[in-house]
Amino acid sequence: MKKTIIFVLFLYSCTASLLFGQEVVPAHQSLESFSFLRDFCVSASQDEIFFTIESPSQSLSRLVCLQKKEDKWSEPTLLPFSGKYQDLEPFLSYDEKRLYFSSNRPTQDSLESNFDIWYVERKDKNAAWSAPINMGAPINSAGNEFYPTLSENQNLYFTSADLAGFGKDDIYVCYWAKDHYLPPQVLDSTINSKGYEFNAFISKDEKYLIYTKYNAEDGLGSGDLYVAQKNQAGTWEKARNLGAKINSKQMDYCPFYDEKNKILYFTSRREVKPENILNWQSFQDWLEKGENGLSKLYKVSFDLSLFFEE
């Protein structure tokens with residue numbers, strides 16, 4: 001089990017270049033038990049990993065953690081507060097004391113199962129996580145909120161389909177005002193559209209935003225990853241498609257950018273059918289380990305700053 005997880009998250013063979021790796025490579029063949037990975041984040045200190053495992057129908061989702069101690073990764077463990085409800089899309093704060101996530105668990109005021117943004121907190125890495133805390137208004141609403149991600153100054157970006165935005169799913173931000181959050185603001189038309197925009201990752205300095213657009217006119221098909229850059233005036237430039245070196249004709253989503261090591265992680269349902277399947281073993285290998293349309297984790301070497309110098 002441990003070898004499987006380590007291969008999934010770290011042992012892809014990407015040939016480095018200044019901008020992209022030469023190719024996006026699927027997880028190692030030992031991923032056979034983890035074909036429904038939804039999302040991923042790694043701590044700034046590179047010794048904790050958090051991700052979501054889903055059931056094939058997506059009706060069940062749980063948060064999973066690995067910890068690295070003395071250069072060895074632990075066995076994967078379900079986080080102790082994740083077990084009864086649908087929990088997904090973890091994001092660890094830069095001080096590593098809070099883990100944000102989306103969940104349909106009920107609040108004390110409501111038994112309805114809509115998705116809100118929650119967090120757990122701890123004093124340090126050796127301490128236990130608290131019970132989940134609902135972020136409340138103005139971030140959470142009577143609708144659904146997904147995919148929390150924060151810049152270092154605590155501005156919080158998330159996805160919602162239930163607020164008064166541009167289209168189906170839109171990306172919003174709640175700005176931090178020293179001791180509270182301001183009401184959500186929908187990002188403008190350089191980011192959002194009448195269609196679907198979701199799963200936004202904000203960079204630490206709030207200069208770059210990576211997210212998914214669904215069935216966009218300049219897309220490759222289904223969901224594509226896009227990136228936008230904030231200009232000197234503090235507004236977002238028009239988002240750009242990351243192109244065929246990263247995106248596929250299938251759904252590409254849930255980005256996480258390791259800024260220190262310049263690595264882009266993301267989930268994809270890409271499918272590459274083998275030209276020849278000559279025996280049962282090769283067919284089974286493709287079903288279990290190949291790019292077979294199931295949700296898997298990928299990574300590629302990628303320098304965000306150079307992307308906008310092309």
Side-chain angles (χ1 to χ4, degrees), residues 12 14 17 19-27 36-41 52 54 58 88-89 91 146-147 149 157-161 165-173 186-203 207-230 236-259 262-273 290-310:
Y12 309 107
C14 293
S17 68
L19 180 58
F20 294 101
Q22 293 299 313
E23 57 182 341
V24 175
V25 180
F36 298 96
L37 278 160
R38 177 183 172 83
D39 44 56
F40 164 92
C41 73
T52 303
E54 289 187 312
Q58 298 181 305
L88 63 159
E89 301 167 348
F91 183 88
F146 295 101
Y147 215 80
T149 175
Y157 291 72
F158 64 95
T159 303
S160 177
F166 286 84
K168 309 296 184 181
D169 285 354
D170 287 310
I171 298 166
Y172 293 79
V173 59
V186 64
L187 300 190
D188 63 27
S189 59
T190 60
I191 305 295
N192 290 308
S193 72
K194 293 181 179 180
Y196 294 86
E197 287 80 26
F198 49 89
N199 294 164
F201 172 88
I202 188 67
S203 63
K207 188 175 181 180
Y208 301 104
L209 188 79
I210 308 172
Y211 65 104
T212 293
K213 291 174 71 74
Y214 180 72
N215 277 350
E217 291 183 1
D218 61 342
L220 276 70
S222 190
D224 281 9
L225 294 174
Y226 284 71
V227 61
Q229 183 182 41
K230 187 174 284 188
W236 291 106
E237 301 287 349
K238 184 175 177 59
R240 293 172 54 184
N241 189 300
L242 286 181
K245 289 183 178 179
I246 288 181
N247 288 312
S248 69
K249 294 181 180 180
Q250 288 79 35
M251 177 67 74
D252 301 299
Y253 61 125
C254 292
F256 179 88
Y257 188 59
D258 179 350
E259 298 182 52
K262 294 180 171 54
I263 296 173
L264 174 63
Y265 294 89
F266 64 99
T267 307
S268 179
R269 295 177 185 167
R270 59 192 59 204
E271 183 176 26
V272 178
K273 296 178 181 178
E291 294 176 276
N292 55 15
L294 299 178
S295 182
K296 296 185 177 183
L297 185 69
Y298 295 78
K299 81 169 186 179
V300 62
S301 299
F302 175 51
D303 192 322
L304 261 176
S305 60
L306 293 179
F307 180 77
F308 289 94
E309 296 179 4
E310 287 187 297

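This is a predicted model, so every value here is computed, not measured.
- Residues Q250 and R270 are in side-chain contact: their nearest non-hydrogen atoms beyond the backbone lie under 4.5 Å apart.
- Interatomic distance, D39 CG to T267 OG1, rounded to the nearest 0.5 Å: 6.0 Å.
- Taking NZ of K207 as the reference point, atom OG of S305 lies at 7.5 Å (rounded to 0.5 Å).
- For the pairing with F201, the ring-ring contact (aromatic ring centres under 6.0 Å, His included) check across Y265, F256, Y147 returns one residue only, F256.
- In this structure, the salt bridge (Lys or Arg N to Asp or Glu O under 4.0 Å) partners of R38, at least two apart in sequence or on a different chain, are E54, E89.
- Counting only residues at least two apart or in different chains, salt bridge (Lys or Arg N to Asp or Glu O under 4.0 Å) contacts with residues 214-225 are absent.
- The two atoms that bring N247 and L220 nearest to each other are O-CD2, 3.6 Å, heavy atoms only.
- If you take OG on S203 and NZ on K230, they are separated by 8.5 Å, rounding to the nearest 0.5 Å.
- Scanning all heavy atoms of the two residues, the minimum distance from G221 to N215 falls at C-OD1, 4.4 Å.
- Checked against ring pair (Phe, Tyr, Trp, His ring centres under 6.0 Å), Y196 has the following partners two or more places apart in sequence or in another chain: Y214.
- Checked against Y211 for a side-chain contact (heavy atoms from CB on, under 4.5 Å), the options N199, T149, I171 give a single hit: I171.
- Legend: residues meeting ring pair (Phe, Tyr, Trp, His ring centres under 6.0 Å) with F146, ordered by chain and number and at least two apart, are F115.
- By the ring pair (Phe, Tyr, Trp, His ring centres under 6.0 Å) test, Y172 is found to be paired with F158, residues two or more places apart in sequence or in another chain being considered.
- For D170, there are no salt bridge (Lys or Arg N to Asp or Glu O under 4.0 Å) partners two or more places apart in sequence or in a different chain.
- The structure places NZ of K299 at 13.5 Å from CD1 of I246, a figure rounded to the nearest 0.5 Å.
- L209 contributes atom CG, which lies 13.0 Å from atom CD of E237 (distance to the nearest 0.5 angstrom).
- Residues L242 and Y226 fail the side-chain proximity criterion, which asks for heavy atoms closer than 4.5 Å.
- One N or O on the side chain of Y257 and one on the backbone of L304 form a donor-acceptor pair closer than 3.5 Å.
- Classified by interplanar angle (parallel below 30°, tilted 30° to 60°, perpendicular above 60°), the ring pair F308/Y208 is parallel.
- For the pair R240 and F307, the cation sits on the ring face: its NZ or CZ lies under 6.0 Å from the ring centre, inside 45° of the axis.
- A distance-only check finds no donor-acceptor pair linking the side chain of S301 to the backbone of I263 [under 3.5 Å].
- Inspection of the D169 and T159 side chains reveals no N or O donor paired with an N or O acceptor under 3.5 Å.
- Annotation: cation-pi geometry not satisfied between K194 and F166 (NZ/CZ under 6.0 angstrom from ring centroid, within 45° of ring axis).
- The nearest pair of heavy atoms linking G223 to M251 is CA-SD, 3.6 Å.
- Minimum heavy-atom separation, D252 to S268: OD1-OG, 2.6 Å.
- To the nearest 0.5 Å, the span separating CD1 on I202 from CG on L187 amounts to 8.0 Å.
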